[in-house]
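No experiment lies behind these values; they were computed from the predicted model shown. Heavy atoms only: backbone and side chains are in, while hydrogens, waters and symmetry mates are out.
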Amino acid sequence: MASVIRMTARRPLSSPLLARLRDRSPGLAASLLSGAVAAGLGLGSLAVLVLGMWVSSPYPDSGPGGALHVAAALWLLAHGVELVRTDTLSGAPLPVGVTPLLLLALPLWLLYRAARDASDVSADPDGPPPVPVRTAWTGVVLGYLGVGVATALYCSGSELRPSWGWVTACLPLVAVGAAGVGAWSAHGRPRAPVLSALVVLPGPVRRLVLGVDARARLGAAVRAAGAATAVLFGGGALLLGVSLVWHGGAVRASFLQLTEGWAGRFAVLLLGLALIPNAAVWAASYALGPGFALGTGHVVHPLASDPAPMLPPFPLLAAVPDAGAGTVPDWAAALVPVAAGITAGWFVARAAVNRAEPREASRAPWSAGRTTGVVLLTATVCAAGLALLAELAGGPLGVAALARFGPVWWQTGGAAGIWTAVLGIPVALGVRSWRLRGYRARRGGIPAPGAAAGHAVGTDSATTPGKGEGTSESESEAKLKLKSKVKWKLQVRSAKSKARANPKAAAGVNAGGAGTAEETARPTEPAGAKPAMSARVGTVRGTNGAVEDELYDFVPADDPFTPDWHDDLARASRWAALRDAAAPRDGTAGPQAGQGSSMDELRPDPAATRGAPTESRPRPDETWTDTAEP
């Protein structure tokens, strides 16, 4: 029995291929399940809402099957799929292509969370291994599309059926995009996928995005474009609210005219709430100038309003400006894109000049040309965002006069880009100049070298720029002093290098002794420097005898001349100290008692080398002797 157990333990349970599939299958299965659950949650939420209104309706037109078909059609419409209504008076099918943007937010958020949860790494060390990003993303997308295709097939035979061309285009696009963002966010938002996607951009734009300091410029452009888009969207919502209040009577009449039961009015209210983001985008396009269409050939913009006659009664449509030429309140809507352009320019200028301390600044301020390029990139991103929102917010509601409702995407996007560029460039350059003045003032206000240690050497605080009660020096004077001190420091290093190259000449090894090493290594101060500069700069003596600065007004670079611990002067000094410590106190040999050895006692003695006994040490150039005095 024991042998059977040992053979079973040694025998592999599966081949390497099966083991690999077994290791990957749990992650793929979980990702598929996450995608299916995300689709089911969105579909179930709409189904519960539609069934609740069907139950509360006093005169339902169909049974629960019809309510479920409507819920499934609304779920597909929320993804941008165009529907076709067949129960018309004329019998001709009519398209319904206006996507409620509030309903679109639900599947986007569910897909994002599903992909992020499927890609998250377990915090438990003994937990399952992390799922690869491609496996998680593929599983979520396939699971979501599986439920989506089944829903489209379920609605294909109802009175409100989807268009299969739009199903093929919109449903995979939403699933792939939202799941990709979720997986990318779960793995720390790496830069490689973003940079690889930017390869499709034109050459000038790609050079602007992928050049030097690309990450800072791209991040600044995205933030500025997001802020400008938020201002446009918020300003459009504000204009919508003002117009609803201004046309309050017409809005209330249209709301009560649609239906008489409370269940129907509640449904109209929910539909109006779902379409409020669409109306905000329409109002933003109105403020930008192109306006929006209320029927084929009928455009509403600040200069004139021409809505199509016999529009269906709906509260949001009742807030449209009255037909006729524009008035001063209509022209005041241009303040919204003005605020958006100023916001974009301010964000770019804030990124162009870092107001942090120079020691903490991560990069130099941008030039005027680079700042202008970032504003143009911001305008491009903002134009793309508004064009996408305008395309999603509009669409057909029928044929003939109802074939076009909402703004035209390329007109709205182009107007947003022009407003942002025209107003953002002067604002960005002006704010950049103002912030650059403060940046330079901070650089000129750095204390002089040794100012922090000036109290230790008795320096008055009034001599430090920006400190105490004394007046601060101008920027030009500070720059001249800084250049003079840097030149003086370079002279110190040059003298130190010469001292190491020729130690005897620099140290003054002669009859006068070695006490002139400091004076030889230390150069004279520059002629333009103040007399008190050397007193303010704290000094320390290095191991090689040269004078080194204790404080710097800039981050010192590594000394290219490493100290030589075995040069002639250092070796002679150490040997003299050892001889002084080992000399007898009776004065019979070595230096006399109480006297320290000097450099003269260590010089080679030609007479001693000829006759007297000596104690020599091997040297590369000469022999040092020590002869006892009689």
Side-chain angles (χ1 to χ4, degrees), residues 205 208-209 211-235 287-288 332 334-383 385 415-448 451 464-483 553-555:
V205 180
L208 178 65
V209 174
V212 181
D213 203 9
R215 184 175 184 180
R217 284 183 290 166
L218 183 60
V222 171
R223 288 190 296 269
T229 304
V231 171
L232 287 173
F233 187 81
L288 288 170
L335 294 176
V336 174
V338 169
I342 293 175
T343 302
W346 185 84
F347 268 81
V348 173
R350 182 182 179 185
V353 181
N354 193 349
R355 293 292 293 272
E357 294 294 334
R359 298 178 185 223
E360 301 175 359
S362 59
R363 54 173 174 77
W366 292 342
S367 63
R370 179 168 295 183
T371 304
T372 303
V374 175
V375 174
L376 294 178
L377 182 60
T378 301
T380 303
V381 177
C382 183
I418 292 174
W419 278 98
T420 305
V422 170
L423 293 175
I425 290 177
V427 170
L429 294 179
V431 177
R432 170 189 169 275
S433 301
W434 174 68
R435 292 176 65 88
L436 194 60
R437 181 181 303 175
Y439 178 83
R440 290 173 178 173
R442 290 197 177 193
R443 288 182 63 89
I446 302 175
T464 303
K467 300 286 184 180
E469 298 178 358
T471 59
S472 61
E473 298 178 349
S474 64
E475 180 180 354
S476 59
E477 294 178 355
K479 288 184 177 180
L480 291 177
K481 290 185 64 177
L482 180 61
K483 292 181 179 179
D553 55 350
F554 57 92
V555 180

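Taking all atoms of both residues into account, the shortest heavy-atom contact from T343 to V231 is OG1-CG2, 3.8 Å. The two residues A421 and P426 come nearest to each other via the heavy atoms O-CD, 4.4 Å. Listed here is the closest heavy atom pair of V375 and A428: CG2-CB, 3.7 Å. Heavy atoms only, all atoms of each residue included: G417 and A379 are closest at O-CB, 3.4 Å. Of all non-hydrogen atoms in V374 and R217, the two that sit nearest each other are CG2-CG, 3.7 Å. For the pair P365 and V353, the tightest heavy-atom approach, listed with the atom from each and the gap, is CB-CG2, 4.2 Å.
At least one donor-acceptor pair under 3.5 Å links the side chain of W419 to the backbone N or O of L288.
Distance check, rounded to the nearest 0.5 Å: CG of L376 to OG1 of T420 gives 10.5 Å. One distance of note links OG1 of T372 with CG of L377; it measures 12.5 Å at 0.5 Å rounding.
Scored by the side-chain contact (heavy atoms from CB on, under 4.5 Å) test, A368 finds L429, R432 as partners (sequence neighbours excluded).
Exactly one residue among V348, V431, I425 makes a side chain to side chain contact (heavy atoms under 4.5 Å, CB included) with T371. That residue is V348.
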